[in-house]
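Structure first, then comments.
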Amino acid sequence: MSAPTLASRPVAGPRLDVDHAALAANTRLFAERTPGALMAVVKADGFGHGAATVARAALAHGASWLGVTSIDEALALRAEGIRVPVLSWLNPVDADFVSAVGSGVDLAVPSLAHLEAVTRAGIGARVHLHLDTGMARDGASPQEWPALCRAARRAERSGVLRVVGVMGHLGCADVPDDPANAAGRLVFEWGVATARAAGLRPQLRHLAATSATLTDAASLHTMSRVGAGLVGIDPSGTTALAPALTLSAPVVACRRVPRGTEVGYGHTWRAPHDTTLALLPLGYADGLPRVTSGRAEVWLAGRRRRVVGRISMDQVVVDLDGDAVAPGERAVVFGPGRGGEPTVAEWAGWADTIEHEIVTGIGARVRRS
Ligand SMILES: *Cc1c(COP(=O)(O)O)cnc(C)c1O
């Protein structure tokens with residue numbers, strides 16, 4: 001066995017590149033499909049693409065709102081100098097509502113307890129009442145909804161907050177003809193009518209996310225909240241969107257090994273013949289799911305190469321089938337797929353998960369371009 005050839009000069013490490021033109025094209029497509037306003041959902045660091053990066057691209061190409069989960073995410077957008085309306089929809093009752101409202105962040109209110117907390121803050125919040133339209137997850141149940149609407153109207157009359165919106169969310173919109181979609185739409189329409197009967201006048205009524213915006217015109221009210229679609233992920237599988245993310249890593253070392261060489265933890269792979277192996281400096285801590293060991297591929301030196309042995313925390317080994325590769329040459333872990341490289345969708349398939357989990361799972365030490 002020969003000694004490994006080591007990189008002789010510093011090389012850039014693993015890197016994530018975002019294609020701004022792809023974000024722009026996707027945003028324009030959704031802006032065209034949305035008769036009302038388009039809210040760009042940039043939670044979880046913009047689905048791993050950078051919250052401010054996605055926000056700026058979306059705002060430049062047709063979005064007029066931003067949506068995030070937590071108040072902290074909303075305040076981070078404000079700290080970037082972004083001034084457009086922002087909605088934060090999932091917070092514990094003791095969250096920092098004062099800072100949110102002080103920074104002009106709208107708040108979703110999913111329960112009487114949240115309404116009381118926001119009311120007690122006495123800060124003139126702009127509120128979107130959140131109705132559970134069939135997921136038993138976030139949002140008030142239909143049983144609680146009439147009381148929530150009445151209490152919100154009382155708070156509004158006393159001047160401590162304003163109800164500007166009503167929101168819901170569909171659990172099965174990726175399957176366009178699932179009967180749960182029609183049921184969810186009906187619950188939402190009932191919820192809006194109930195709010196109006198309580199004296200509320202919510203201008204913003206939003207139910208659709210990516211899939212419903214692409215497949216279900218009946219669910220489009222006055223705004224759509226679109227996240228995955230902006231970064232090129234279509235859970236409904238109906239529309240060609242542009243993937244925006246490329247993950248690459250340099251070869252650290254390349255070694256020639258004889259047949260029978262065992263690779264990695266647990267020796268789960270044994271070279272079936274003499275071959276060459278390349279080492280890449282990223283692993284499951286950087287977002288490569290360990291469960292894809294033995295299935296995953298990367299693009300390196302002109303073709304697909306198998307990841308062999310177990311994926312480690314910080315490194316993976318790639319079988320080069322006897323080819324030699326210079327240290328520093330870059331492997332493409334995933335990209336749009338145009339050059340033959342694996343896509344995020346393929347990684348999701350190897351990991352038996354959805355693309356969302358792959359793009360939001362890239363670790364903090366991967367450098368963002
Ligand atoms: C994540 C999320 C969205 C965006 O959904 P996509 O399918 O990614 O467009 C919209 N609304 C809520 C409440 C969400 O949690």
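Both counts, for ligands and for their atoms, begin at 1 and track the order of listing.
Looking at Arg28 and His61, their side chains do bring a donor and an acceptor atom within 3.5 Å of each other.
Every atom of ligand 1 with a heavy atom of Phe47 under 4.0 Å away is listed here by number and element: 8 (O). In the vicinity of Val226, heavy-atom distances shorter than 4.0 Å reach the ligand 1 atoms 9 (O).
Note: His130 and His169 fail the aromatic proximity criterion, with ring centroids not under 6.0 Å apart. For an aromatic pair to be called close, the ring centres must be under 6.0 Å apart, and His114 with Trp89 fails this.
Counting heavy atoms closer than 4.0 Å to ligand 1, residue His356 contributes nothing at all.
For atom 15 (O) of ligand 1, the candidate residues are Lys43, His130, His206; the nearest heavy-atom contact is made by Lys43. Nearest-residue assignment for atom 4 (C) of ligand 1 (options Met167, Arg225, Met39; heavy-atom criterion): Arg225. Of the listed residues (Gly67, Ala228, Ala209, Ala212), the one carrying the non-hydrogen atom nearest atom 8 (O) of ligand 1 is Ala228.
For ligand 1, none of its N or O atoms has an N or O atom of Ser211 under 3.5 Å away. Considering both main-chain and side-chain atoms, Gly227 comes within under 3.5 Å of ligand 1 through a nitrogen or oxygen pair.
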Run the salt bridge (charged side-chain N to carboxylate O under 4.0 Å, His left out) test on Asp17 and Arg368 for me, step by step, so that the C-alpha distance in whole Å, both residues' side-chain angles and the decisive distance to 0.1 Å come before the verdict. CA-CA 6 Å; Asp17 290 291; Arg368 271 69 175 168; over 6 Å; no
Walk me through whether Glu297 and Arg306 qualify under salt bridge (charged side-chain N to carboxylate O under 4.0 Å, His left out). CA-CA 4 Å; Glu297 297 171 353; Arg306 280 276 295 285; 5.6 Å; no
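Scanning all protein heavy atoms for the shortest distance to atom 6 (P) of ligand 1 gives Thr210 OG1, 3.5 Å.
A heavy-atom distance below 4.5 Å is not found between the side chains of Cys254 and Leu277.
We find the CD-CD1 distance between Glu355 and Ile233 to be 5.0 Å, quoted to the nearest 0.5 Å.
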